[in-house]
Amino acid sequence: MSAIKGKKCTRMTRRLILSVLLTNIMLLLYCLTNLTQVKIRDSLQDTCPLSMVKLLTKNVSSPSLSTSEVSSPKVNIMFMKTHKTASSTILNILFRFGEKHKLKFAFPDGRNDFFYPSPFLCSQVKDYRPGDCFNIVCNHMRFDHQEVAKFLPPDAVYITILRDPVDLFESSFNYYHRAVPLTWRINGENQLVEFLNNPHTFYSPEAFNSFYLKNLLFFDFGFDNNLEGDDPRVMRDIHKLSTRFDLVLVAEYFDESLILLKDTLCWTMEDILYFKLNARRRSSVSRLTPELRAKALQWNGADWRLYQHFNATFWARVEAYGRERMKQEVKELRKRNAEMKAICIQDGGSVEAQNIHDSRFLPWQPVGESSILGYNVKQNIDPQFREICEKMLTPEIQYLSQLGVSLWLTRLWGWFKDTVFGD
Ligand SMILES: Nc1ncnc2c1ncn2[C@@H]1O[C@H](COP(=O)(O)OS(=O)(=O)O)[C@@H](OP(=O)(O)O)[C@H]1O
C-alpha cells in the first residue's frame with residue numbers, strides 16, 4: 001500500500017517538476033521573442049507607398065464581365081479579429097478569398113497571433129521590411145491603428161466584429177478560466193456565477209491575463225478595459241473607432257453582417273459561404289438568469305456601450321441597404337450554405353473533438369478540456385467539391401500552416417498544454 005502511495009507521489013513530483021521547468025522555458029522563449037520586437041521597433045517609420053498598391057491589386061482576378069457591369073472586388077483589408085465573436089469563421093472566409101486571389105497576407109511569425117496581449121507593432125509581421133505593403137491582416141492582435149497603417153495601402157477597408165458583451169464574457173470566462181490565475185481561487189460549483197455575484201473580490205486589473213474577465217473588446221481595440229461604462233473616455237474611444245472602421249459586423253446577426261461585408265467589398269455570394277467554426281458543445285455554455293445577465297452587463301459596461309453604439313450603426317446600414325433586399329440576400333446565403341453542408345459535412349453537423357477522424361480538422365482546444373466542436377468531411381465526397389469543402393472546414397491553426405506560417409511557438413504551447421493539463 002505504502003509502495004503504491006510512494007510511486008504515486010514520485011510520479012506527481014516528477015510531473016510538477018516537469019511543468020515548472022516547461023513553464024519557465026515557455027516564459028523565457030516568450031520574453032526572448034518579445035525582446036527582439038522592441039529592438040526592431042525603433043528603426044521602422046515607413047508607410048506603405050501608393051505605387052505598391054497598384055502592384056498588389058494587379059494580382060486580383062476579377063470576373064470576366066466589363067467594368068461597367070461589375071465593380072472589382074476590394075482586396076486590401078484590415079480585419080480586427082476580436083476574441084470570442086465568431087471571428088474564426090470570418091477568418092476562414094478571408095483566408096479562402098486571399099488564397100484564391102493570391103493576395104499577400106501580413107502574418108505573425110512563429111505563432112497564430114501578433115504577440116497578443118502586447119500592443120501590435122508592424123515589426124511583428126513575418127518578413128516585414130519598412131515600406132513593405134500587404135493586402136490583408138487578420139490575425140488576433142491588440143489593435144494599434146498607426147502601426148497597422150504602416151504596411152496597409154491607404155485604401156484598405158477596416159472591418160471588425162462585435163458580440164453581445166454578456167455572451168462574449170460568458171464564452172471568454174469558460175474558455176480562458178484555466179489561463180487566468182484570478183479564477184483559481186473561486187470556490188463553489190459555478191465559478192462564473194460566484195464571480196458575477198462579487199467580481200471585485202476576485203478581480204485585480206494588474207493580474208496576469210485579467211483582461212479576459214473584463215471588457216475584452218475594449219482591450220482588443222487597444223483601450224483601457226478597466227474604465228467604467230459611464231466614464232467619458234469610453235465614448236471618446238468609441239468615436240475614435242467609428243472614424244477608423246468602415247464596417248463593424250455583429251455576431252448576433254451574422255448572415256446580415258456577411259451580406260453587408262459582401263456589399264462593402266464588392267464580393268460575390270460564393271466568397272462569403274461558410275460553416276460555423278470554433279463553437280462549444282452546448283453543455284459548456286453557462287445559462288445565465290436575467291439578474292446575472294444584468295450583472296455581467298454592468299461589469300462589462302464599456303463593452304456594452306461599444307456594442308450599443310455599433311449595433312445602432314449596423315441597423316442604420318441595413319436600413320440604407322434595404323430591408324427587403326437584405327431579407328432576400330440572407331435567404332439566398334442560407335440556401336447556399338445548406339447546399340454546401342449537404343455536400344461537405346458527414347452526418348450533417350458538428351461533432352465532439354474526440355469524434356473527429358482527421359486531425360487536419362481538429363480545432364484548437366482550451367486548456368484542460370475538449371469542448372470545441374469540429375466536423376468530419378463527408379466520405380465519398382464529389383471530387384469537384386473536395387478542395388472547397390476541406391478549406392471551409394479547416395480550423396485556423398491548420399489553415400495558417402497550409403498558408404506557410406511557421407507556428408513553432410503555438411505548437412510548443414499546444415504540446416505543453418496537452419501534456420500537463422490534458423483532460
Ligand atoms: N456564424 C456564427 N454565428 C454566431 N456565432 C458564431 C458563429 N461562428 C462562431 N460563433 C461563435 O463564436 C465563438 C467563437 O468566437 P471566435 O472564433 O472569435 O473565438 S476565438 O477568439 O478565435 O477563440 C463561439 O461562441 P461560444 O460557443 O459561445 O464560445 C462560437 O459558437
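For this chain, numbers begin at 1 and follow the sequence in order. Whatever order the structure lists ligands and atoms in, that order sets their numbers, starting from 1. All of these numbers come straight from a predicted model, not from anything done at the bench.
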If you look only at distance, which donor and acceptor atoms sit under 3.5 Å apart when one is on a side chain in residues 242-252 and the other is two or more places apart or in another chain?
unit_1: Ser242; atom_1: OG; unit_2: His239; atom_2: O; d: 2.8
unit_1: Thr243; atom_1: OG1; unit_2: Lys240; atom_2: O; d: 2.7
unit_1: Asp246; atom_1: OD2; unit_2: Tyr158; atom_2: N; d: 2.7
unit_1: Glu252; atom_1: OE1; unit_2: Asp164; atom_2: N; d: 3.2
unit_1: Glu252; atom_1: OE1; unit_2: Tyr307; atom_2: OH; d: 2.8
unit_1: Glu252; atom_1: OE2; unit_2: Asp164; atom_2: N; d: 3.1

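Ring geometry, Phe219 versus Tyr116: the interplanar angle exceeds 60°, so the pair is classed perpendicular (tilted spans 30 to 60°).
Identified under the disulfide (SG to SG under 2.5 Å) test for residues 147-199, with sequence neighbours left out: none. Identified under the disulfide (SG to SG under 2.5 Å) test for residues 285-351, with sequence neighbours left out: Cys344-Cys389.
Contact residues of ligand 1 (protein heavy atom closer than 4.0 angstrom to a ligand atom; sorted by chain and number): Lys81, Thr82, His83, Lys84, Thr85, Ala86, Ser87, Ser88, Thr89, His140, Arg163, Ser171, Ala251, Phe254, Tyr274, Lys276, Leu277, Asn278, Ala279, Arg280.
Taking the six-membered ring for Trp and the full ring otherwise, Tyr212 and Tyr175 have centroids separated by 6.0 Å or more. Ring centroids of Phe361 and Tyr375 are separated by 6.0 Å or more, keeping the two rings apart.
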